[in-house]
Amino acid sequence: MPEPMIDIGVNLTDKRFAQDLDAVISRATEAGVSTLIVTGTSLAGSQAARELCHQHPGTLRFTAGVHPHHASEYDAHTHAQLRQLALDPACVALGETGLDFNRNFSSPTEQIAAFEQQLELAMESGLPLFLHERDAHAEQLALLKRHRSAISRAVAHCFTGSEEELHGYLDLDLHIGLTGWVCDERRGAHLLPLLRDIPADRLLLETDAPYLLPRDLRPKPKSGRNEPCYLPHIAERVAQATGEPVEVLRARLHANSKAFFGLQ
């Protein structure tokens with residue numbers, strides 16, 4: 001029996017899953033992906049993630065947070081509601097939070113303010129952080145350094161950065177979340193040699209579904225939609241790159257994920 005897997009980041013509240021969510025969860029379970037962490041990216045999205053978890057106890061957990069794209073919506077009400085969501089037993093992390101200066105749907109000033117308030121919630125609650133960052137590495141690293149000693153754990157979700165950026169996060173004892181980006185020979189090949197730099201107990205895997213369908217997946221789904229059932233495919237690619245037997249890798253990933261999110 002293959003070691004079960006935990007998808008640490010899946011956007012199950014996305015409208016692309018609205019018509020067949022139960023089937024998506026069933027396919028994941030059949031593929032050996034026993035636990036799905038539903039990503040919260042806004043207050044409404046985090047509340048919806050909580051409701052999904054209550055409908056699928058034991059299989060789903062969720063994160064509660066406001067993505068930098070939605071930072072302009074962050075106010076005292078949002079902060080209070082996130083604090084309440086963090087108390088739910090199914091809530092296993094705060095986020096997705098961080099900085100994204102690539103498209104600036106919210107201004108950098110708004111993003112930093114929202115991020116700092118979510119850092120406060122992480123320090124207050126003891127929950128780990130689920131981090132997003134794009135084109136803002138230096139600024140995000142500086143904020144994390146300032147507060148790192150008071151934060152329990154943090155993962156750089158969907159990491160696609162450079163060797164220098166990887167080591168910046170590793171120097172702060174962060175976990176690294178990798179996706180099907182490692183299966184893309186055009187954009188993700190640079191990540192494969194970096195796998196050996198990630199400490200054994202700090203690697204996590206995620207699909208970020210419905211986004212980031214592994215480019216080398218065969219056959220490709222006609223919808224082009226990624227699903228958590230494809231997480232084992234990503235693990236296979238990582239194992240090929242490191243030379244580690246895939247069952248050994250899966251056991252390690254399962255232990256890492258359980259420890260990071262405090263799962264029993």
Side-chain angles (χ1 to χ4, degrees), residues 8-9 11 13 37-51 53 61-159 161 165 168-177 202 204 206 257 259-263:
I8 72 151
N11 300 283
T13 61
I37 312 294
V38 185
T39 306
T41 57
S42 65
L43 176 56
S46 299
Q47 292 168 333
R50 176 186 59 185
E51 294 310 308
C53 290
R61 304 289 195 277
F62 77 102
T63 72
V66 173
H67 189 286
H69 287 347
H70 298 285
S72 61
E73 304 165 12
Y74 203 101
D75 57 16
H77 172 74
T78 303
H79 193 75
Q81 290 298 304
L82 287 181
R83 179 182 279 120
Q84 288 301 309
L85 286 169
L87 297 174
D88 192 293
C91 184
V92 293
L94 285 166
E96 181 176 356
T97 184
L99 303 176
D100 189 319
F101 293 171
N102 178 262
R103 301 180 75 177
N104 286 327
F105 288 125
S106 295
S107 72
T109 300
E110 290 169 327
Q111 291 184 44
I112 290 169
F115 186 32
E116 287 183 322
Q117 290 181 82
Q118 290 174 90
L119 287 169
E120 290 176 12
L121 286 177
M123 291 184 279
E124 174 188 313
S125 67
L127 288 172
L129 278 168
F130 194 76
L131 296 168
H132 171 97
E133 179 269 314
R134 191 173 182 192
D135 293 350
H137 183 75
E139 294 86 353
Q140 182 144 312
L141 206 62
L143 285 169
L144 288 170
K145 282 180 179 178
R146 192 181 310 163
H147 300 289
R148 181 64 185 92
S149 62
I151 295 167
S152 61
R153 298 173 300 284
V155 57
H157 141 74
C158 193
F159 180 80
E165 290 170 339
Y169 286 140
L170 292 178
D171 288 347
L172 289 182
D173 198 32
L174 263 61
H175 286 63
I176 305 298
R202 284 196 264 160
L204 304 172
E206 56 187 313
S257 300
F260 181 84
F261 291 108
L263 301 175

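Along the sequence shown, the residues carry numbers beginning at 1.
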Using 30° and 60° as the class limits, which term best fits the ring planes of Phe159 and Tyr169: parallel, tilted or perpendicular?
perpendicular
In terms of the angle between their ring planes, are His67 and His69 parallel, tilted or perpendicular, with boundaries placed at 30° and 60°?
tilted
For Arg146, what residues pass the salt bridge (charged side-chain N to carboxylate O under 4.0 Å, His left out) criterion, not counting sequence neighbours?
Glu116
Taking all non-hydrogen atoms of both residues into account, name the closest pair between Ile151 and Leu119 and its distance.
CD1-CD2, 3.6 Å
Spacing of OG belonging to Ser106 relative to CD1 belonging to Ile112, to within rounding of 0.5 Å:
12.0 Å
Closest non-hydrogen contact found for Gln47 with Gln81 is NE2-OE1, 3.6 Å
Beyond-backbone contact of Asp100 with Phe105, side-chain heavy atoms, under 4.5 angstrom:
no
Which is it for Gln118 and Leu94 under the side chain to side chain contact (heavy atoms under 4.5 Å, CB included) test, yes or no, and what are the steps along the way?
CA-CA 7 Å; Gln118 290 174 90; Leu94 285 166; 5.7 Å; no
Are the side chains of Glu73 and Val66 in contact, using a 4.5 Å heavy-atom criterion?
no
Ser46 side chain vs Gly65 backbone, donor-acceptor pair below 3.5 Å:
yes
So, using side chain to side chain contact (heavy atoms under 4.5 Å, CB included) as the criterion, who are the partners of Asn104 when residues are at least two apart?
Phe101, Pro108, Gln111
Check: Arg61 side chain, Val92 main-chain N or O, donor-acceptor pair, under 3.5 Å:
no
Under 4.5 Å between any side-chain heavy atoms of Leu131 and Gln140, yes or no?
yes
If every non-hydrogen atom of Gln117 is compared with every non-hydrogen atom of His79, which pair is closest and at what distance?
O-CE1, 3.3 Å
Salt bridge (charged side-chain N to carboxylate O under 4.0 Å, His left out) partners of Arg202, counting only residues at least two apart:
Asp173
On a heavy-atom basis, the closest approach of Cys91 and Leu85 is CB-O, 3.4 Å
Separation between CG (Leu127) and CG (Leu87), nearest 0.5 Å, reads 8.5 Å
I'd like to check His157 versus Ile8 (side-chain heavy atoms, cut-off strictly below 4.5 Å). Are they in contact?
no
Supply the atom-to-atom distance Leu144 CG to Ser149 OG, rounded to the nearest 0.5 angstrom.
11.5 Å
Enumerate the salt bridge (Lys or Arg N to Asp or Glu O under 4.0 Å) contacts for residues 120-145, please, sequence neighbours excluded, ordered by first and then second residue.
Arg83-Glu124
With rounding to the nearest 0.5 angstrom, report the CZ to CG distance, Phe260 to Leu204.
6.5 Å
Checking Ser152 now: which residues fulfil side chain to side chain contact (heavy atoms under 4.5 Å, CB included) with it, not counting sequence neighbours?
Pro128
Point-to-point distance, once rounded to the nearest 0.5 Å, from CZ of Phe115 to OH of Tyr74:
11.5 Å
Measure from the side-chain N and O atoms of Thr63 to the backbone N and O of Gly95, and report whether any donor-acceptor pair falls under 3.5 Å.
yes
Would Leu43 and His77 count as a side chain to side chain contact (heavy atoms under 4.5 Å, CB included) if you check the C-alpha gap in whole Å, the side-chain angles of each, and the deciding distance to 0.1 Å?
CA-CA 10 Å; Leu43 176 56; His77 172 74; 4.0 Å; yes
Just verifying a value: how many Å separate Leu172 CG and Leu170 CG, rounded to the nearest 0.5 Å?
9.0 Å
Using the test side chain to side chain contact (heavy atoms under 4.5 Å, CB included), find all partners of Cys53 that sit at least two apart in sequence or belong to another chain.
Leu60, Phe62, Ala90
